[in-house]
Amino acid sequence: MASFTFKAAAQVVFMVLAVTLPPQAVEGLTVGKEQREFDYFVLALQWPGSSCRNVSMCCPTNGCCHRAELPAEFTIHGLWPQYQDKGWPSCCTNETFNENEVSSLFEDLERYWPSYRCGLVSSCSNRKGSFWAHQYEKHGTCGSPVILHQYDYFFTTLALFFNYNVTEALEEADIIASDTKKYGIEDVFRAVRSAFKANPKITCGKKGIIKELRLCFDKEFQLIDCDATKSCPKFVSLPEFHELSKPAMVKRAIPRMIDVEAIM
Ligand code: 5GP
């Protein structure tokens, strides 16, 4: 299977890259405001059971609408260059996302990096684009001097995602999707720490549903502790994913990104 092949290859290639890639020359352009080089990366992962909770409209690009047969697992939100003290750079160059450059990764991107919305997302300079375009243009263009090309941005993010399987780490501690169980937030931290020896950052929504789990990496892709600010209550949950009802499935369809680009 293509995705298995990529997954295995990515793990090997990533391990080699992680130990051998020296920082390259800085060539990131700053657009608009002064932005300095970032300090570390955040790999932000979202929980479909939470992200899809309030989705009522379906379209071919909305991952909530065709997740039914997929396992309950975190999916990718983005890889975000960050500043140590506070904040993050954004929209660092004028480069625009080009689907063709990542076409070999489509199968994995569609499965592991789905959008959970319909319609296009605002990107830099008031452009509109797909979820992937938004992530690359807003965050990926700020990866210099470590990540300089869009293929590398998407490849590296997938490789990190496969190498650090957060869903499995939680399952090891019996923390699984459930509409009835609550888990101690400290147990969730402990499960991730025991798998990866680093503290994640966890964000929660109403009633303590876990929305995102984030892992932090230095510029050589070694795991580091994320900042310790807390947004979750003492007890949290990982809601199950529920298939959308049939009438919602047909309401609106938007063309694939490649068609959208053609008509813009
Ligand atoms: P987006 O998908 O637009 O990148 O981000 C969605 C939400 O994630 C934002 O409203 C913001 O709260 C949070 N977010 C976006 N980028 C970053 C980032 O680089 N670092 C952190 N900590 N949060 C971010």
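Just so you know, these numbers use all the heavy atoms, side chains as well, and skip hydrogens, waters and symmetry mates. Order of appearance sets the numbers: ligands from 1, and atoms from 1 within every ligand. Here the structure is a predicted model, which is why all the values come from computation and not from measurement.
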Completion exercise
Per-atom filter on ligand 1: closer than 4.0 angstrom to a heavy atom of Gln135 are 1 (P), 2 (O), 4 (O)
Problem - Nearest non-hydrogen protein atom, atom 8 (O) of ligand 1 - result: Trp80 CH2, 3.6 Å
Fill in the blank from the handout: When distances are taken from atom 4 (O) of ligand 1, the protein heavy atom at minimum range is His139 NE2, 2.7 Å
Problem - Listed once per pair and sorted, the side chain to side chain donor-acceptor pair (under 3.5 Å) pairs that draw on residues 185-196, sequence neighbours left out - result: Asp187-Arg190, Arg193-Asn199
Practice task
Would you confirm whether any non-hydrogen atom of the protein falls under 4.0 Å from atom 11 (C) of ligand 1?
Solution key: no
Exercise for the section: Could you tell me if the ring centre of Phe196 sits under 6.0 Å from that of Tyr164? Expected result: yes
Completion exercise
The closest protein heavy-atom partner of atom 21 (C) of ligand 1 is Trp88 CZ3, 3.3 Å
Practice task
Compute both the distance and the angle, then confirm whether Arg36 meets the cation-pi test with Tyr83: under 6.0 Å from the six-membered ring centre, within 45 degrees of the axis.
Solution key: yes
Completion exercise
protein heavy-atom neighbour closest to atom 6 (C) of ligand 1 works out as His77 CE1, 3.7 Å
Practice task
Using a strict cut-off of less than 4.0 Å between a Lys/Arg side-chain nitrogen and an Asp/Glu carboxylate oxygen, indicate whether Asp179 and Arg53 qualify as a salt bridge.
Solution key: no
Exercise for the section: Kindly say whether the aromatic ring centers of Tyr40 and Phe221 come within a distance under 6.0 Å. Expected result: no
Exercise for the section: Could you establish whether Glu212 and ligand 1 come within less than 4.0 Å of each other, counting only heavy atoms on the residue side? Expected result: no
Fill in the blank from the handout: atom 9 (C) of ligand 1: closest protein heavy atom, distance to 0.1 Å, is Lys138 NZ, 4.8 Å
Fill in the blank from the handout: re atom 19 (O) of ligand 1, the protein heavy-atom contact at minimum distance is Gln82 NE2, 2.6 Å
Problem - Atoms of ligand 1 close to His134 [distance to a heavy atom under 4.0 angstrom, numbered from 1] - result: 1 (P), 2 (O), 3 (O), 4 (O)
Problem - disulfide bond (SG atoms under 2.5 Å apart) contacts touching residues 127-163 (sequence neighbours left out) - result: Cys92-Cys142
Exercise for the section: Using the six-membered ring of Phe235, assess whether NZ or CZ of Lys207 lies under 6.0 Å from its centre and within 45 degrees of the ring axis. Expected result: no
